Structure formats: structure tokens, C-alpha cells
Amino acid sequence: MAFSADDHKHMARALRLAERGLYTTTPNPRVGCVLVRDGTVVGEGWHERAGEAHAEIHALNAAGAHVRGATAYVTLEPCSHHGRTPPCAEALVAAGVARMVAAMRDPNPQVAGQGLAQLAAAGITVADGLLAHEARELNIGFVSRMERGRPWLRLKLAASLDGKTALANGRSQWITGPEARRDGHAWRARACAILTGAGTVRDDDPRLTVRDVETSRQPLRVVVDSHFETPPTARILEGGNCLVAAAREDEAKSAALRDAGAEVLVLPNPQGKVDLPRLLAMLAERGVNELHVEAGHKLNGSLLREGLVDELLLYFAPTLIGSGREMFPLPEITDLAGRRDLKMLDLRRIGSDIRILARPLPA
């Protein structure tokens, strides 16, 4: 179906509304809705937080009686099942919407086209695919969890121009400037969980909380700690909301971490390390859409080698360190044909630093 310039305009507005839920909707997707009748916007809404009304309901409430005969522009197919809230498809039918334009179909198997089918069965004109790429990108983590059974993994690194993330002794605070660190907190805030390794906990004792941007929730903090190196006094354990993934049983150390407020999981792989794919699958089962990684070179390398990194968020400072820790240890190659190519998505200056957003291309 061909979409008009007005269709594009109203869907773009719906996407901007959906972005307002960037930090708050997890584990639900970010969704916006615009209701238009006779060329006039009569109602708008966005999903604000999980467990509360969806975008369509907010828009319907804003429109009132003006909704009958309107076109609904929604960034994700309206739900057709009962969850914590009633189905939005039913509400749209009852309100008398005449046309539905969805940016994309819901990858959730509980919906997966059923919402649009329900609207079409009620005589509503239905179309989808308008600004689908933009809608998918906004909910890339939700799509990943639904389609692949694991979160979208974004690996964040701060490095000098010569690619060093820390001194040889492990110290890394601070390579980049305050603007880049604030930007990094915004990426933390949109994630459902933040992953790090025991080495980072040992060397930097980070809290890994969101502090430099306003947010109403804190992501789950996850520590990959094969041999229980995380001390019960580590700042990352403060306030609970922390999971430690180990590779072997140790009742005394597990008890100490639990007493400090952590949840402990033992997930060994055959090599005696934490089973990273299994950990990601378990995080997905808990509703983690986007997983933000701030770890050391060893864990970064393991994630890359196992093909678990979906996106690289790289900050480069205008400085040289020389001898120090590399971003990630990868196996040596003897032919450039074996290199790992990236797709550049974004390149910009943040304060005095450079930020690159890139994705590994398929081998």
C-alpha cells in the first residue's frame, strides 16, 4: 500500500512520542500513537511504563468522542491478548476507528499479526510497514528478545586514540571527558541490564548505576564472576538489584554475596567459565531487552569471540596512552580476509571526544 505524505508525518510524530518511553517501558516495547480525523490530530499518547495503559489507550482517552472515523497511527501493532492490561485492538474497534496504520507487526508470538487481523475482521482498513525500520530500531532489544530469545547486546568502550582502555595496572578512570561520560549514562538508562566482569569490579569498584541523566528506574546489574572474586563490600552490590553469575558452586561465598543483597546463579560451560549464551538467554527470560556492557578486555573479547555482540558503542579520547590494556583480545589473523568488518551507524563529537556506533557485519 502506498502511504501519503500525511501518513509519514503522523507516523513520524508517533515515533517521537514513543521515544518518550525510552527509559521507562521495559520489559515492554516503546510505542506511540496518533489519532487523526479529517486531517486534524484528535488524540496522542505513548506507553509510559510497564503495567500501565498502552499508547493507544492514552490516545483514545485524549480523543474522546472525536475518535470515531479516525485513522490510528501506531508504531507497533496493537496487542490482541490480555496481559497486565486489556487488548488495545479491542479498544480501537469499540472506539470506532476507521483505519489503522502500524509501523511494524509485533514480533511477540502472542500477537504476531493477530492484532491487525482482529481490526481487519471488524471492518477497519489496515496497513503496516510505514517507517518500519525506524520503529524496529527504537525497539531493537524487544525485537531481539522476541525473535532470538536473547537481549540486544551493546558493548560500550572508552579508549585513547591508540586503542587503550586502561593503563597496564588496570586503572581507567577517567579516559574520556565529562560529556562523554554523561552520554554513556544515557545509554545505561535505556538498557534493562548492565553487564560487567569481576575484573572491572576488582579494579574500578564501580556502582554501574545511572546518575548523570534523570531516570525513574535503575537497570539490573550483572557481574560475570567465574570464581567468586566479587567481594561482599563491592559498591555494585549496594541497594540490591544485582546478579552475580558464577561458574562453580561455593556455598560460603554465595551466601556472603546473597547477604550483601545479590542474587547468585551458577552457569558453568565446559571450559569452567560462565556460559555466556545461557546467561543471555536467562536474562531474556527475565524480560531484559537491551543489555549494556561495560567490562574489561577479557570479557569483551569473550563476548566478541562467541558472536554475542550486536553493537559497539565506542568513545575515543584525544589522547595517547602507549602501553596499556587493549579494547579486546582477539585471535591473531595472518590474512586481512579474516578481519571483522563493522557497519558504521553514527559518528559524532561528544565534548572533546569522538563517539562511534557500529555493528559487526556477518562473517
Side-chain angles (χ1 to χ4, degrees), residues 1-26 28-49 52-64 66-79 88-89 91-92 95 97-108 111 113 115-116 119-120 124-144 146 152 154 183 186-187 189-190 213 289-290 311 343-348 355 357 359:
M1 175 182 290
F3 295 107
S4 69
D6 280 344
D7 288 336
H8 281 81
K9 178 181 73 174
H10 295 309
M11 186 61 78
R13 172 60 181 169
L15 284 165
R16 290 195 297 273
L17 290 169
E19 288 176 356
R20 297 185 183 183
L22 192 65
Y23 302 156
T24 58
T25 64
T26 183
N28 291 353
R30 301 135 182 164
V31 182
C33 176
V34 174
L35 298 170
V36 180
R37 191 177 78 173
D38 299 328
T40 300
V41 175
V42 295
E44 294 183 339
W46 68 94
H47 184 39
E48 297 178 13
R49 54 185 51 85
E52 297 183 5
H54 289 184
E56 298 93 323
I57 305 305
H58 284 301
L60 290 172
N61 290 339
H66 299 292
V67 70
R68 190 158 295 277
T71 294
Y73 296 90
V74 189
T75 58
L76 185 69
E77 174 186 7
C79 61
C88 291
L92 291 164
V97 167
R99 179 175 176 239
M100 159 60 61
V101 180
M104 62 176 287
R105 298 199 173 202
D106 194 334
N108 185 343
V111 184
L116 294 178
L119 294 168
I124 296 172
T125 301
V126 171
D128 67 278
L130 176 59
L131 300 183
H133 174 75
E134 292 81 355
R136 185 181 180 92
E137 286 294 312
L138 182 61
N139 285 307
I140 193 70
F142 178 76
V143 172
S144 175
M146 290 296 128
W152 180 263
R154 183 177 294 114
D183 187 71
W187 289 93
R190 67 174 285 168
V213 298
N289 294 329
E290 294 184 21
E311 197 164 71
K343 178 182 180 181
M344 298 283 286
L345 300 182
D346 186 73
L347 171 64
R348 67 181 66 188
R355 190 189 78 188
L357 191 66
R359 292 177 183 171

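Not measured: the values here are computed from a predicted model.
A distance of 6.5 Å separates CG of Leu76 from CZ of Phe142, quoted to the nearest 0.5 Å. Between atom CG of residue Leu138 and atom CZ of residue Arg190 there is a gap of 7.0 Å, rounded to the nearest 0.5 Å. Summarising the geometry, atom CD1 belonging to Ile124 is positioned 7.0 Å from atom CE belonging to Met100; distances are rounded to the nearest 0.5 Å. The CD1 atom of Ile140 sits 11.0 Å away from the CG atom of Asn289 when rounded to the nearest 0.5 Å.
The only member of Ile57, Leu17, Val74 that meets side-chain contact (heavy atoms from CB on, under 4.5 Å) when paired with Cys33 is Val74. Applying side-chain contact (heavy atoms from CB on, under 4.5 Å) to Tyr73 and the options Leu15, Val101, Val41 leaves one that passes, Val101.
Partners of Arg359 under the salt bridge (Lys or Arg N to Asp or Glu O under 4.0 Å) rule, at least two apart in sequence or in another chain, are Glu137, Glu311. Legend: residues meeting salt bridge (Lys or Arg N to Asp or Glu O under 4.0 Å) with Arg16, ordered by chain and number and at least two apart, are absent. Checked against side-chain hydrogen bond (donor to acceptor under 3.5 Å, both in side chains), Thr24 has no partners two or more places apart in sequence or in another chain. Partners of His47 under the side-chain hydrogen bond (donor to acceptor under 3.5 Å, both in side chains) rule, at least two apart in sequence or in another chain, are Asn28. Every residue two or more places apart in sequence or in another chain that forms a salt bridge (Lys or Arg N to Asp or Glu O under 4.0 Å) with Lys9 is listed here: Asp6.
Classification of the Phe3-His8 ring pair by plane angle, with boundaries at 30° and 60°, yields perpendicular.
Salt-bridge formation is not detected for the pair Arg348/Asp183: no Lys NZ or Arg NE/NH1/NH2 atom is positioned less than 4.0 Å from an Asp or Glu carboxylate oxygen.
Between Gly43 and Ala62, the shortest heavy-atom contact is CA-CB, 4.1 Å. The minimum heavy-atom distance linking Pro78 with Ala89 is given by the pair CB-N, 4.0 Å. Nearest heavy atom pair, residue Ala70 against residue Val97, reads O-CG1, 3.4 Å. The shortest non-hydrogen separation linking Ala63 to Val67 is CB-CB, 4.0 Å. In terms of heavy atoms, Glu56 sits closest to Cys88 at OE1-SG, 3.6 Å.
Remark: side-chain polar atoms of Thr75 are paired, donor with acceptor, to backbone N or O of Gly32 under 3.5 angstrom.
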Could you go step by step and tell me if Thr71 and Val34 meet the side-chain contact (heavy atoms from CB on, under 4.5 Å) rule?
-> CA-CA 8 Å; Thr71 294; Val34 174; over 6 Å; no

Would you check, one step at a time, whether the test side-chain contact (heavy atoms from CB on, under 4.5 Å) holds for Met104 with Asn139?
-> CA-CA 11 Å; Met104 62 176 287; Asn139 285 307; 5.6 Å; no

Working for side-chain contact (heavy atoms from CB on, under 4.5 Å), residues Glu134 and Met11 = CA-CA 10 Å; Glu134 292 81 355; Met11 186 61 78; over 6 Å; no

Worked verdict on Arg105 versus Leu116 for side-chain contact (heavy atoms from CB on, under 4.5 Å) = CA-CA 8 Å; Arg105 298 199 173 202; Leu116 294 178; 3.8 Å; yes

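Among residues at least two apart or in separate chains, salt bridge (charged side-chain N to carboxylate O under 4.0 Å, His left out) pairs with a member in residues 30-46 are Arg13-Glu44, Arg30-Glu290.
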